[in-house]
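Quick notes on the structure that follows.
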Amino acid sequence: MPMDLNDKKDAQDKKAFEERDERCEKNKNFLESFYHAVDGIVTAYKEEANLKVHLFIGVLVIFVSWFFKLSKYEWLWMILVIFLVIVMEIWNTVIENLVDLAADGKFHPLAKKAKDMAAAAVLITASFALVVGAIIFLPKLYYLFF
């Protein structure tokens with residue numbers, strides 16, 4: 001009796017699973033995990049223009065923070081929001097890549113919703129960073145100019 005298409009696909013999937021290379025296996029140690037994490041940062045930096053913008057703004061904020069001689073707690077807030085925005089941008093990229101993979105290059109309204117909501121998370125986090133920056137820097141700017 002010949003195999004139907006589903007049996008053939010199942011056999012192909014099983015063969016592909018058995019033949020997967022070691023890149024799909026769990027990391028063997030901390031250094032291997034660390035290497036892959038750094039590779040993820042490098043990939044995100046190379047491929048995501050918005051991440052470059054957020055990093056540039058983050059570095060600029062660090063210089064401005066140094067200029068204004070922020071207190072320890074102000075520094076903590078500034079570092080927190082800088083890292084939050086960067087982390088959210090990376091998560092946005094992860095979600096976009098997974099949605100693109102699942103949608104296989106085809107438009108789907110749920111795929112659009114997921115990508116839009118991931119982008120909204122970055123926007124909300126960046127807005128929070130602006131509010132924190134305003135709370136910290138506006139009084140210092142006022143004092144500097146008035």
Side-chain angles (χ1 to χ4, degrees), residues 5-6 9-146:
L5 290 177
N6 286 336
K9 179 158 178 22
D10 289 343
Q12 289 172 339
D13 289 345
K14 183 178 179 185
K15 184 178 179 187
F17 179 78
E18 290 170 352
E19 292 178 350
R20 70 176 195 227
D21 58 46
E22 61 189 42
R23 291 178 292 179
C24 295
E25 292 179 5
K26 188 163 178 59
N27 296 326
K28 294 178 177 79
N29 57 50
F30 175 78
L31 285 177
E32 194 173 302
S33 297
F34 183 80
Y35 169 78
H36 291 301
V38 170
D39 191 41
I41 293 169
V42 170
T43 300
Y45 180 80
K46 286 180 179 178
E47 296 180 4
E48 294 302 316
N50 288 341
L51 181 61
K52 290 177 185 175
V53 170
H54 291 301
L55 285 170
F56 174 78
I57 293 169
V59 169
L60 185 64
V61 166
I62 288 171
F63 281 119
V64 172
S65 298
W66 175 79
F67 173 79
F68 281 112
K69 297 176 179 36
L70 298 187
S71 73
K72 176 173 59 173
Y73 296 108
E74 290 170 331
W75 269 107
L76 288 172
W77 276 103
M78 295 313 302
I79 291 168
L80 172 68
V81 296
I82 289 168
F83 276 86
L84 276 175
V85 170
I86 291 167
V87 167
M88 289 307 296
E89 187 63 50
I90 291 172
W91 270 112
N92 178 46
T93 302
V94 168
I95 292 167
E96 287 178 346
N97 284 322
L98 286 173
V99 167
D100 289 345
L101 179 66
D104 197 26
K106 297 178 181 84
F107 175 80
H108 192 283
L110 290 176
K112 181 185 181 331
K113 280 184 183 181
K115 290 172 90 169
D116 289 351
M117 287 187 268
V122 177
L123 179 62
I124 290 167
T125 307
S127 299
F128 173 66
L130 282 172
V131 169
V132 170
I135 290 169
I136 291 173
F137 290 119
L138 286 179
K140 294 177 184 321
L141 288 170
Y142 180 82
Y143 179 75
L144 184 67
F145 290 111
F146 299 105

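Residues Ala121 and Met88 share a closest heavy-atom pair of CB-CE, 3.2 Å. Closest approach of Ala134 to Pro139, counting heavy atoms only: O-CD, 3.8 Å. A pairwise comparison of heavy atoms in Lys46 and Lys52 identifies O-NZ, 3.8 Å as the closest pair. Ile82 and Gly58 get closest at one heavy-atom pair: CD1-O, 3.6 Å. Closest approach of Trp75 to Ile62, counting heavy atoms only: CH2-O, 3.6 Å. Looking at every heavy atom in both residues, Ile95 comes nearest to Ala114 through CG2-O, 4.1 Å.
If you take CG on Leu70 and CG on Leu76, they are separated by 10.5 Å, rounding to the nearest 0.5 Å. Taking CH2 from Trp91 and OG1 from Thr125, the interatomic distance works out to 13.5 Å, rounded to the nearest 0.5 Å. With rounding to the nearest 0.5 angstrom, the CG atom of Leu123 is 9.5 Å from the CG atom of Leu130. Atoms NZ and NE2, on Lys115 and His108 in that order, are 13.5 Å from each other to the nearest 0.5 Å. Distance check: Leu55 CG to Ile86 CD1 gives 4.5 Å after rounding to the nearest 0.5 Å. Taking CH2 of Trp77 as the reference point, atom CD1 of Ile136 lies at 8.5 Å (rounded to 0.5 Å).
Between Phe68 and Phe137, the ring planes are tilted. Angles from 30° to 60° get that label.
When the side chain to side chain donor-acceptor pair (under 3.5 Å) test is applied to Lys113, no partner is found at least two apart in sequence or on another chain. For Lys69, there are no salt bridge (charged side-chain N to carboxylate O under 4.0 Å, His left out) partners, not counting sequence neighbours.
You'll find the side chain of His54 reaches within 4.5 Å of the side chain of Val122, heavy atoms only. Phe63 has its side chain within reach of Val59: a pair of non-hydrogen atoms, C-beta onward, lies under 4.5 Å apart. Side-chain atoms of Asn92 and Glu89, non-hydrogen and from C-beta on, do get closer than 4.5 Å to each other.
Residue pairs that meet the salt bridge (Lys or Arg N to Asp or Glu O under 4.0 Å) test with at least one member in residues 131-146, sequence neighbours left out, are Glu74-Lys140.
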